Enquirer: 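Pasting a structure below so you can have a look.
Naming: A, B, ... by sequence-line order, numbering from 1 per chain. Just so it is clear, the model here is predicted, and its values are computed rather than measured.
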Protein chains: 2
Amino acid sequence: MLRLTTQRQAILDLINQSNRHWDADDVARALLDTGHSIGIATIYRGLAALEAQGLIESVQLGDKRHYERADKAHHDHMVCTRCGNIDEFAHPTIEALQRAAAAEKHFRLTGHQLVMFGLCARCDTQGGAT
Amino acid sequence: MLRLTTQRQAILDLINQSNRHWDADDVARALLDTGHSIGIATIYRGLAALEAQGLIESVQLGDKRHYERADKAHHDHMVCTRCGNIDEFAHPTIEALQRAAAAEKHFRLTGHQLVMFGLCARCDTQGGAT
DNA sequence: CTTGATAGTGATAATGATTATCATTCCTGA
DNA sequence: TCAGGAATGATAATCATTATCACTATCAAG
């Protein structure tokens, strides 16, 4: 059976303490700052284990996997291509339409990923005159 | 200025000759079979150059970039997690709702990516009894 | 308590897609 | 014909992630 070790507990606590998204390196850095030093492989395995238990969730953004706490309502992501900030949005209607589109093609939908790219309000205002 | 060299022409022809999706290795293999032997780096650069010109389009699926011809109507993708087949679907309403969601957050939308994962009709039928 | 079985850890090597480097070759316009 | 920019291709480098492997921690049973 899967064990919730000290290391995994530290990872889980870290992720549950905020609403932000974390990649493996973020976690490693943050834990270092907290005094814990956890091998990078252990972090990858820990993140995978915690996700397998449903204790955290993840999204693939570009070539990195990002983790976030699981006790949030379902949502998708808006990624600012300038500052890298990740915002969230929920849209039940879009989800429903996706299910309909899948059904129409006899496709058994098990998951989806919707990511919108663009400029967040702040970057859009600032970088207007490029 | 960007040149449409023999190699790039070969890549472009290949991609335009079918509706399928190609990753860099697919292209390399296919060109080898056709007698052309193009360096893998050249293929990557060629694909990027062709996309920059709007001559082909691409989607990021998992950790691989897939290219397809550009003269198709906009669409998103359904990826079968069993056989790897990629199907397409268009859904103007979903697009519109995305634009609305972005506008609501003052997010300047420049692109999006919607991928649905699941089992295609064929795999769903076959592998039903797992 | 001691042993075993099993799971986890961490350092490091390996993987796999993609990009960078660099010497060489190809074009194109003067 | 010549110069210089662009492209090529072999290969090294990158970067996130995964595998390997020796070692440690945990837990159940004798």
Side-chain angles (χ1 to χ4, degrees), chain A residues 1-15 21-68 77 79 81 84 86 113 115, chain B residues 1-15 21-68 77 79 81 84 86 113 115:
Chain A
M1 191 63 278
L2 219 63
R3 284 181 195 151
L4 192 53
T5 62
T6 314
Q7 289 89 337
R8 292 180 179 174
Q9 189 67 61
I11 296 172
L12 181 57
D13 288 347
L14 179 69
I15 290 178
H21 298 78
W22 305 83
D23 63 31
D25 279 328
D26 291 336
V27 173
R29 266 194 300 278
L31 289 179
L32 255 186
D33 292 350
T34 324
H36 307 70
S37 169
I38 300 187
I40 188 66
T42 301
I43 289 176
Y44 275 102
R45 278 182 303 230
L47 288 169
L50 291 171
E51 184 177 20
Q53 297 293 290
L55 297 173
I56 58 178
E57 286 181 354
S58 77
V59 231
Q60 182 76 27
L61 296 177
D63 54 354
K64 275 187 186 168
R65 184 155 286 270
H66 291 243
Y67 291 85
E68 59 185 322
H77 298 90
V79 180
T81 51
I86 302 169
Q113 181 176 313
V115 183
Chain B
M1 191 62 280
L2 219 62
R3 286 183 193 149
L4 191 54
T5 61
T6 315
Q7 289 89 336
R8 290 180 180 173
Q9 189 66 61
I11 296 172
L12 181 57
D13 288 346
L14 180 69
I15 290 178
H21 297 78
W22 305 82
D23 64 30
D25 280 327
D26 292 336
V27 173
R29 266 192 300 277
L31 289 180
L32 255 186
D33 292 349
T34 325
H36 307 67
S37 168
I38 301 186
I40 188 66
T42 301
I43 290 176
Y44 275 102
R45 278 182 304 231
L47 288 170
L50 292 170
E51 184 177 19
Q53 298 293 292
L55 298 173
I56 58 178
E57 286 181 354
S58 77
V59 231
Q60 181 78 27
L61 295 177
D63 55 353
K64 274 188 186 168
R65 184 156 287 269
H66 291 242
Y67 292 85
E68 59 184 325
H77 297 89
V79 181
T81 51
I86 302 170
Q113 182 176 312
V115 184

Enquirer: So do the side chains of D25(A) and I43(A) get within less than 4.5 Å of each other, counting heavy atoms only?
Expert: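 The answer is no; the side chains never approach within 4.5 Å.
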Enquirer: With a cut-off of 3.5 Å and sequence neighbours excluded, list every side-chain donor-acceptor pair involving residues 29-37 of chain B.
Expert:
| unit_1 | atom_1 | unit_2 | atom_2 | d |
| --- | --- | --- | --- | --- |
| R29(B) | NH2 | D26(B) | OD1 | 2.9 |
| T34(B) | OG1 | A30(B) | O | 2.6 |

Enquirer: Return yes if a side-chain donor-acceptor contact under 3.5 Å exists between E51(B) and S58(B), otherwise no.
Expert: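 There is such a pair between these side chains.
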Enquirer: In the 5'-to-3' direction, what one-character label does each nucleotide of nucleotides 11-17 of chain D receive under the scheme B = base within less than 4.0 Å of a protein heavy atom, S = sugar-phosphate only, - = no such atom?
Expert: B----SB
Enquirer: Any chance you could measure I38(A), atom CD1, to Q7(A), atom CD, to the nearest 0.5 Å?
Expert: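 The distance works out to 5.0 Å.
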Enquirer: Please examine the side chains of I11(B) and I56(B), heavy atoms only from C-beta on, and report whether any two atoms are closer than 4.5 Å.
Expert: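 In short, these two side chains do not touch, never coming nearer than 4.5 Å.
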Enquirer: Find out whether R8(B) and L12(B) are in side-chain contact, i.e. whether some heavy atom of one side chain is under 4.5 Å from a heavy atom of the other.
Expert: no
Enquirer: Regarding T42(B), tell me which of base, sugar-phosphate or nothing describes its non-hydrogen contacts under 4.0 Å with the strands shown.
Expert: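 T42(B): base contact, heavy atoms under 4.0 Å.
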Enquirer: Rounding to a whole Å, what distance do you find between L4(A):CG and dA25(D):P?
Expert: 18 Å
Enquirer: Between P on dG8(C) and NE2 on H36(A), what's the gap in Å once rounded to a whole number?
Expert: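 To the nearest whole Å, that distance equals 18 Å.
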Enquirer: Rounded to the Å, how far apart are L47(B) CG and dA17(C) P?
Expert: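 Those two atoms, CG and P, are 14 Å apart.
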Enquirer: Nearest-Å distance, CG (L32(A)) to C1' (dG10(C))?
Expert: 13 Å
Enquirer: Do the ring centers of H77(B) and H66(B) come within less than 6.0 Å of each other?
Expert: no
Enquirer: Considering only heavy atoms from C-beta outward, does the side chain of L4(A) approach that of L50(A) to under 4.5 Å?
Expert: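 Yes, close enough: below the 4.5 Å cut-off.
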Enquirer: OP1 or OP2 of dA7(C) sitting under 4.0 Å from any side-chain N/O of T5(A)?
Expert: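 No, T5(A) has no side-chain N/O under 4.0 Å of OP1/OP2 on dA7(C).
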Enquirer: In this structure, how many angstroms lie between the P atom of dA11(C) and the CD atom of Q7(A), rounded?
Expert: 11 Å
Enquirer: So R8(A), base contact, sugar-phosphate only, or nothing? Heavy-atom distance under 4.0 Å.
Expert: sugar-phosphate
Enquirer: Rounded to the Å, how far apart are I43(A) CD1 and dT9(C) C1'?
Expert: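 Computing the I43(A):CD1 to dT9(C):C1' distance gives 12 Å.
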Enquirer: Compare all side-chain heavy atoms of D23(A) with those of Y67(A) and state whether any distance is below 4.5 angstrom.
Expert: no
Enquirer: Within this structure, what is the CZ-to-P distance between R45(A) and dG10(C), rounded to whole angstrom?
Expert: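 In whole Å, dG10(C) P and R45(A) CZ are 8 Å from each other.
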Enquirer: For each nucleotide in nucleotides 25-30 of chain C, reading 5' to 3', give B when a protein heavy atom comes within less than 4.0 Å of its base, S when such contact involves only the sugar-phosphate, and - otherwise.
Expert: -BB---
